[in-house]
Amino acid sequence: MTDLLSIILAAGEGTRMKSALPKVLHPVGGLPVVSHVLRTAKAAGSTIAVVVGPNHEAVEAAVTRFEASAHISKQVDRLGTGHAVQQARAAYEAAQGHVLVLYADNPLITGETIARIVEKLDGGADMVVVGFRPENPTGYGRLLTKDGQIFAIREHKDATEEERQIGLCNSGIMGFRGEVLRSVIDRIENKNAKGEYYLTDAVELAAGDARRVDFIEADAAELVGVDNRLKLAEAEATFQEFKRNEAMENGVTLRDPKSVWFSWDTELGRDVTVFPNVVFGPGVKIADNVEIRAFCDIEDVVIGEGSSIGPFARIRGGAELGRDVHLGNFVEVKKSKIGDGTKAGHLSYLGDAEIGTKTNIGAGTITCNYDGVNKDKTIIGDNAFIGSNASLVAPVTIGNGAYTASGSVITEDVPDDALAFGRASQVNKPGYAPKLRERALAKKAAKGK
């Protein structure tokens with residue numbers, strides 16, 4: 001296989017986003033847009049070079065988190081795409097094979113498109129341009145072709161009226177044989193309306209050198225560039241549609257597909273059923289035969305086979321649920337391990353807990369895990385029964401087979417098979433209720449004066 005280098009251009013300010021966050025760090029499917037491009041390029045077997053702008057330390061950090069070996073260079077003066085590529089000189093001068101130029105704000109670029117570029121280069125093309133046909137081509141550069149090859153790309157501002165009638169537009173994504181890029185990149189000039197060095201001029205230079213310049217067409221939806229909030233929403237919608245279709249093709253039932261939101265790394269097993277209005281954040285892995293009922297918010301969790309979640313459940317923070325776990329309505333689980341067959345049917349918060357198998361958590365149970373400074377752990381054994389409206393004050397351990405009485409505040413460990421009461425004794429005062437009502441009415445009357 002020919003070596004492959006991807007130069008990812010990420011130096012744009014993204015002023016149209018109107019955000020303090022660089023545009024390439026805005027998320028699609030819970031992942032920064034630049035990381036989508038990195039992920040696709042890396043999956044294609046490419047080494048990575050990224051060109052960032054000045055004061056873009058956050059972008060550099062995001063890149064190195066995802067790909068520690070990426071070569072990073074800076075474009076201090078933004079003088080166009082050709083100038084941006086030149087900043088990665090150390091990377092492309094060392095490249096032994098093909099070089100791709102990708103854009104950090106194209107999160108939906110696919111491995112299939114990259115493979116088609118490489119196939120063209122392997123087949124004898126010296127340069128390959130990715131084109132597309134948008135509904136409205138205004139503002140895009142046009143691909144000027146003859147006999148199936150490109151002889152020039154004309155930027156919209158520099159195009160004649162006749163050239164502006166061409167529907168085939170330039171995405172900016174290109175592939176080069178390494179020696180061809182090196183032969184043309186320093187000959188690009190800035191004789192255009194904006195006074196910038198356009199990478200697109202490499203086409204005319206290569207054609208003038210009798211090089212073979214091919215093109216491929218990709219779907220316009222795949223090539224959306226996220227440079228404002230509208231495009232961000234468009235990319236998110238396309239991504240979600242893809243993930244929904246992928247899930248259903250792989251054996252997942254979505255009761256109302258358009259209301260289910262996926263993250264980039266969501267993993268769902270076969271025969272999973274997802275009800276309407278469910279949101280999957282990053283880090284979700286769900287086994288087979290799981291039911292996720294309506295209005296659940298699930299993030300950073302592993303859910304075992306046969307479990308039933310929701311409705312209105314929230315699970316997060318690295319939680320791990322075993323097989324056949326049931327979490328009912330308005331149950332929140334954070335950073336907890338829950339064993340096989342355990343049930344928490346209603347209105348509970350289980351944070352920083354380890355709960356064994358076949359344990360019952362009564363309605364209104366709270367693990368009191370935070371004292372204002374530290375977060376401590378609650379441990380509950382197998383086959384335990386936690387009565388309704390219990391407050392379990394961590395750190396505390398409740399043994400196998402133990403019971404806690406309803407309404408208890410448990411502050412000390414409970415041994416195996418013990419029954420724990422942690423509540424005040426009840427006192428009844430016969431005939432006292434009318435006196436309370438008289439007192440309340442008198443207080444109300446006094447306020448009305």
Side-chain angles (χ1 to χ4, degrees), residues 1-14 21-76 78 81-119 121-122 127-128 130 172-182 185-186 199 222 225-226 239 263-265 267 282-283 300:
M1 177 179 174
T2 306
D3 289 343
L4 184 64
L5 166 68
S6 292
I7 300 173
I8 300 172
L9 304 186
E13 284 295 329
L21 188 69
K23 69 173 180 177
V24 300
L25 296 186
H26 284 263
V28 169
L31 186 71
V33 293
V34 64
S35 297
H36 281 276
V37 184
L38 289 166
R39 180 170 174 250
T40 301
K42 186 175 179 181
S46 178
T47 56
I48 306 294
V50 182
V51 180
V52 302
N55 305 314
H56 275 193
E57 289 79 8
V59 177
E60 292 184 44
V63 169
T64 53
R65 274 197 303 271
F66 204 92
E67 180 53 53
S69 64
H71 178 279
I72 298 177
S73 54
K74 290 187 180 181
Q75 185 187 24
V76 177
R78 292 177 174 84
T81 51
H83 180 258
V85 171
Q86 288 175 347
Q87 309 316 299
R89 186 179 303 277
Y92 66 69
E93 284 188 345
Q96 299 299 309
H98 305 326
V99 180
L100 303 183
V101 177
L102 306 175
Y103 291 81
D105 61 357
N106 289 145
L108 305 181
I109 182 71
T110 64
E112 289 78 5
T113 293
I114 290 177
R116 289 171 63 202
I117 298 171
V118 172
E119 183 180 12
L121 294 170
D122 287 343
M127 181 175 174
V128 179
V130 178
I173 297 170
M174 298 182 185
F176 299 82
R177 289 182 177 272
E179 67 273 15
V180 175
L181 175 63
R182 289 187 287 270
I185 190 66
D186 290 328
L199 184 63
E222 177 186 343
V226 177
F239 172 84
S263 199
W264 68 278
D265 59 350
E267 296 182 18
D300 191 18

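The first residue in the sequence is number 1, and the count goes up from there.
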**Study point:** Qualifying residues under side-chain hydrogen bond (donor to acceptor under 3.5 Å, both in side chains), relative to Glu67, sequence neighbours excluded
**Key:** Lys42, Ser69
Check your understanding: How long is the span from the CZ atom in Arg39 to the CG atom in Leu31, to the nearest 0.5 Å?
Key -> 7.0 Å
Exercise for review: Taking Asp265 for its side chain and Gly283 for its backbone only, find out whether a donor-acceptor pair lies under 3.5 Å.
Suggested key: yes
Check your understanding: Looking at Ala70 and Val63, what are the two nearest heavy atoms and their distance?
Key -> CB-CG1, 3.7 Å
Point to revise | Separation of Met174 CE from Ile117 CD1 (nearest 0.5 Å) | key: 10.5 Å
Point to revise | Within-4.5 Å side-chain heavy-atom neighbours: Ile185 and Tyr92 | key: yes
**Study point:** Contacts of Glu179 that satisfy salt bridge (charged side-chain N to carboxylate O under 4.0 Å, His left out) - sequence neighbours left out
**Key:** none
**Study point:** Side chains of Gln87 and Ser73, donor plus acceptor under 3.5 Å
**Key:** no
**Study point:** Gap separating the CD1 atom of Ile48 from the CG atom of Leu100, nearest 0.5 angstrom
**Key:** 9.0 Å
Study note, to complete from the structure: On a heavy-atom basis, the closest approach of Asp186 and Gln86 is OD1-NE2, 3.5 Å
**Study point:** Donor-acceptor contact below 3.5 Å, side chain Ser6 vs main chain Ala41
**Key:** no
Point to revise | Which atom of Val33 lies closest to which atom of Leu25, heavy atoms considered | key: CG2-N, 4.4 Å
Check your understanding: Can you name the ring pair (Phe, Tyr, Trp, His ring centres under 6.0 Å) partners of His98, sequence neighbours left out?
Key -> none
Check your understanding: Quick one: side-chain hydrogen bond (donor to acceptor under 3.5 Å, both in side chains) partners of Arg78, sequence neighbours excluded?
Key -> Glu13
Point to revise | Pair Tyr103-Ile109, side-chain contact (heavy atoms from CB on, under 4.5 Å): steps then yes or no | key: CA-CA 9 Å; Tyr103 291 81; Ile109 182 71; over 6 Å; no
**Study point:** Heavy-atom closest pair, residues Ala91 and Ala49
**Key:** CB-CB, 3.8 Å
Exercise for review: Walk me through it: do His36 and Leu108 pass the test side-chain contact (heavy atoms from CB on, under 4.5 Å)?
Suggested key: CA-CA 7 Å; His36 281 276; Leu108 305 181; 5.8 Å; no
Review point. When rounded to the nearest 0.5 angstrom, what distance separates CG in Leu5 from OG1 in Thr47?
Key: 4.5 Å
Revision key, fill the gap. Of all heavy-atom pairs linking Val28 and Pro107, the shortest is CG2-CG, 4.4 Å
**Study point:** Nearest-0.5 Å distance, CZ of residue Arg65 to CG of residue Leu38
**Key:** 11.5 Å
Check your understanding: What is the minimum heavy-atom distance between Ala11 and Gln75, and which atoms define it?
Key -> CB-OE1, 3.4 Å
Point to revise | salt bridge (charged side-chain N to carboxylate O under 4.0 Å, His left out) partners for Glu93, two or more places apart | key: Arg89
Practice item. Keeping to residues at least two apart or across chains, list the ring pair (Phe, Tyr, Trp, His ring centres under 6.0 Å) pairs with something in residues 39-69. Key: none
Check your understanding: Can Thr81 and Val101 be said to form a side-chain contact (heavy atoms from CB on, under 4.5 Å), step by step?
Key -> CA-CA 10 Å; Thr81 51; Val101 177; over 6 Å; no
Point to revise | Test applied, side chain to side chain contact (heavy atoms under 4.5 Å, CB included); reference residue, Val24; option that passes from Val34, Val226, Val50 | key: Val34
Practice item. Check whether any side-chain heavy atom of Ile7 lies under 4.5 Å from a side-chain heavy atom of Val51, and answer yes or no. Key: yes
Review point. Is the shortest heavy-atom distance from the side chain of Asp105 to the side chain of Val37 under 4.5 Å?
Key: no
**Study point:** Test item: Glu60 side-chain N/O and Val52 main-chain N/O as donor-acceptor pair under 3.5 Å
**Key:** no
**Study point:** Atom pair OG1/CG of Thr40 and Leu102 - distance to nearest 0.5 Å
**Key:** 9.0 Å
